[in-house]
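Because only heavy atoms are used, hydrogens play no part in the values below, and waters and symmetry mates are left out as well, while side chains stay in.
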Protein chains: 2
Amino acid sequence: MIKKGLDDNFENIRKIFTEYLEKHAHRKTPERYTILKEIFATEGHFDIETLYIRMKNHKYRVSRATLYNTIELLLDCGLVTRHQFGTNYAQFEKSMMFTQHDHFIFNDSGEVKEFYDPRIEAIKSTVEETFNVEVTHYSLTFYGHARSKK
Amino acid sequence: MIKKGLDDNFENIRKIFTEYLEKHAHRKTPERYTILKEIFATEGHFDIETLYIRMKNHKYRVSRATLYNTIELLLDCGLVTRHQFGTNYAQFEKSMMFTQHDHFIFNDSGEVKEFYDPRIEAIKSTVEETFNVEVTHYSLTFYGHARSKK
DNA sequence: TTAGATGCAAACGGTTTGCAGGGAA
DNA sequence: TTCCCTGCAAACCGTTTGCATCTAA
């Protein structure tokens with residue numbers, strides 16, 4: 001049951017990607033679909049190198065160039081989100097349609113926690129009014145460490 | 001009057017840096033003080049390359065290596081803050097002791113606006129309680145564009 | 001058939017590092 | 001005098017690009 005649900009969900013993702021590719025007259029290559037599948041098959045955040053290694057381990061050889069190229073498309077159609085957690089390399093995660101969230105990063109390990117606080121929307125609105133702008137996206141990240149137990 | 005006030009303020013900054021260097025048994029080299037001065041003499045955000053060029057124009061030749069080295073010290077003693085606005089290079093700004101603020105970035109030009117909304121503190125507290133952590137710092141950045149006038 | 005995509009490797013650009021020479025303590 | 005710091009240039013590493021080859025349409 002659950003398995004089927006997940007499959008159905010991925011079918012939907014696949015369809016979104018297909019529609020996007022068709023709309024923009026991009027080719028539907030097997031590489032692109034395999035990358036999409038690999039990304040949606042795993043949880044959490046990843047960087048390009050990790051994804052590259054993972055696909056190698058799964059016996060599917062793609063070039064880094066194609067990974068960068070495809071990630072670009074996935075970002076453009078909203079299926080993947082890009083983060084830059086204070087480092088000089090990018091991290092990504094599959095978009096979770098109905099669960100907008102922000103991040104807490106452990107200073108030492110880099111471990112990522114997710115949360116959502118609706119009050120951020122109020123701040124966003126205020127910023128939009130203050131500068132007379134339209135916010136397209138935002139990034140809220142807290143950094144810190146476990147509380148020292150007393 | 002105002003000029004004097006600024007100078008006094010910089011004297012104070014200088015003193016903070018000196019105390020930091022002494023405390024950590026780091027040498028008080030002229031390069032380090034010149035870099036500090038250059039950073040506090042200008043407004044807004046900057047990256048290493050910009051600072052490098054600017055110092056060259058002011059007829060003071062420093063190596064990039066020394067800039068990176070010194071910035072590290074300034075970050076460590078809290079006189080400078082580091083940002084990574086979604087790019088793969090870092091931007092910095094002098095710390096403004098009494099004016100905590102966040103950023104709005106224009107997607108096209110990269111222009112930076114600053115704001116402060118106290119409601120972020122409430123979100124921070126909630127995150128600390130939720131994950132039982134202590135937040136050491138955070139980053140809140142909105143990205144967007146000017147409102148299209150109708 | 002052909003324009004767009006892939007794979008490979010070289011180029012790029014910000015940052016880091018190794019090392020010889022220089023200067024603060 | 002000592003050894004930390006500086007300047008220079010090479011190394012690093014994530015990302016981008018050029019190009020020959022391949023393939024979806």
Side-chain angles (χ1 to χ4, degrees), chain A residues 14 17-39 45-56 58-77 80 82-93 110, chain B residues 14 17-39 45-56 58-77 80 82-93 110:
Chain A
R14 217 184 141 83
F17 193 37
T18 299
E19 281 168 10
Y20 168 81
L21 292 176
E22 286 173 352
K23 182 174 174 187
H24 295 261
H26 288 141
R27 290 185 182 169
K28 285 166 277 186
T29 67
E31 286 81 0
R32 287 174 175 172
Y33 283 100
T34 308
I35 292 166
L36 177 71
K37 195 173 171 184
E38 188 66 46
I39 289 174
H45 300 73
F46 63 91
D47 55 39
I48 295 292
E49 192 60 20
T50 305
L51 180 56
Y52 180 70
I53 303 290
R54 193 193 294 152
M55 295 194 72
K56 257 190 166 169
H58 286 24
K59 307 278 179 280
Y60 195 90
R61 195 152 86 359
V62 254
S63 66
R64 272 173 264 253
T66 301
L67 288 179
Y68 280 104
N69 167 354
T70 303
I71 279 279
E72 198 59 38
L73 300 176
L74 293 172
L75 286 171
D76 196 40
C77 69
V80 164
R82 183 194 145 110
H83 300 288
Q84 194 107 18
F85 294 130
T87 63
N88 51 6
Y89 62 95
Q91 286 183 263
F92 305 86
E93 70 178 321
Chain B
R14 217 183 141 82
F17 192 37
T18 299
E19 281 168 9
Y20 168 81
L21 292 176
E22 286 173 352
K23 182 174 173 187
H24 293 262
H26 289 140
R27 290 185 182 167
K28 285 167 276 184
T29 68
E31 286 82 1
R32 288 175 176 171
Y33 282 101
T34 309
I35 293 167
L36 178 70
K37 194 173 172 185
E38 188 66 46
I39 290 174
H45 300 73
F46 64 91
D47 55 39
I48 296 292
E49 193 60 20
T50 305
L51 181 56
Y52 180 69
I53 303 291
R54 193 191 297 152
M55 294 194 73
K56 257 189 166 168
H58 286 25
K59 308 280 181 277
Y60 195 89
R61 193 150 89 357
V62 253
S63 67
R64 272 171 265 254
T66 301
L67 287 179
Y68 279 104
N69 167 354
T70 303
I71 279 279
E72 198 61 39
L73 299 176
L74 293 171
L75 286 171
D76 195 40
C77 68
V80 164
R82 184 193 145 111
H83 301 288
Q84 194 105 20
F85 295 130
T87 64
N88 50 8
Y89 64 94
Q91 286 183 263
F92 305 87
E93 70 178 320

(request) Take the C1' atoms of the five end pairs on each side of the helix from C:dT1-D:dA25 to C:dA25-D:dT1, get both axes, and report the angle to 10 degrees. (result) 30°

(request) Under 4.0 Å between any heavy atoms, over every strand shown, what does A:Tyr68 touch: base, sugar-phosphate, or nothing? Just pick one. (result) base

(request) Look at the side-chain N and O atoms of A:Thr66 and state whether any lies under 4.0 Å from the OP1 or OP2 oxygen of C:dG7. (result) yes

(request) Using atom CD of A:Glu72 as one end and atom P of C:dT6 as the other, report the distance to the nearest whole Å. (result) 13 Å

(request) Counting heavy atoms from C-beta on, name the nucleotide in C:dT6, D:dT15, C:dT17 closest to the side chain of A:Ile48. (result) D:dT15

(request) Kindly give the heavy-atom pair with the smallest separation between A:Ile48 and A:Leu67, and that separation in Å. (result) O-CD1, 4.0 Å

(message) Whole angstroms only, please: what is the CD1-P distance between A:Ile71 and C:dA5?
(response) 16 Å

(request) Specify the separation, in whole Å, of atom CZ of A:Arg64 and atom P of C:dC8. (result) 10 Å

(message) Is it the case that atom CD in B:Glu49 sees more than 12 heavy atoms from other parts of the structure closer than 6.0 Å?
(response) yes

(request) Check the distance between C:dG4's P and A:Asn69's CG and give it to me in whole angstrom. (result) 13 Å

(request) Please state how far atom CG in A:Asp47 lies from atom P in D:dG14, giving the value in whole angstrom units. (result) 8 Å

(message) Quick one: does any side-chain atom of B:Arg82 pair with a main-chain N or O of B:Ile71 as donor and acceptor, under 3.5 Å?
(response) no

(request) Please work out which of the three classes, parallel, tilted or perpendicular, describes the rings of B:Tyr20 and B:His24, given edges at 30° and 60°. (result) tilted

(request) Report the distance from atom CZ of B:Phe92 to atom P of C:dT15, rounded to the nearest whole Å. (result) 6 Å

(message) Check whether A:Glu22 reaches the backbone of A:Ala25 with its side chain - one donor and one acceptor, N or O, closer than 3.5 Å.
(response) no

(request) Could you please name the option among D:dT6, D:dT17, C:dG14 that lies closest to any side-chain atom of B:Tyr89? (result) C:dG14

(request) Report yes or no: does A:Arg14 contribute a side-chain atom to a donor-acceptor pair with the main-chain N or O of A:Leu36 at less than 3.5 Å? (result) no

(message) If the cut-off is 4.0 Å, is B:Arg61 near the phosphate of D:dC8, judged by side-chain N/O to OP1 or OP2?
(response) yes

(request) Using the six-membered ring wherever Trp is involved, compare the ring planes of A:His83 and A:His45 and label them parallel, tilted or perpendicular (cut-offs 30° and 60°). (result) tilted

(message) Side chains of B:Thr66 and B:Asn69 only: does a donor on one sit below 3.5 Å from an acceptor on the other?
(response) no

(request) Write down the distance between CG (A:Leu21) and P (C:dA3), rounded to a whole number of angstrom. (result) 20 Å

(request) Return the minimal non-hydrogen interatomic distance between B:Thr34 and B:Pro30, and the atom names on each side. (result) OG1-O, 2.7 Å

(request) Could you state the atom-to-atom distance from CG of B:Asn88 to P of C:dG13 in whole Å? (result) 11 Å

(request) Specify the residues of residues 23-35 of chain B, ordered by number, for which at least one heavy atom lies under 4.0 angstrom from an atom of DNA chain C. (result) B:Arg27, B:Lys28, B:Pro30

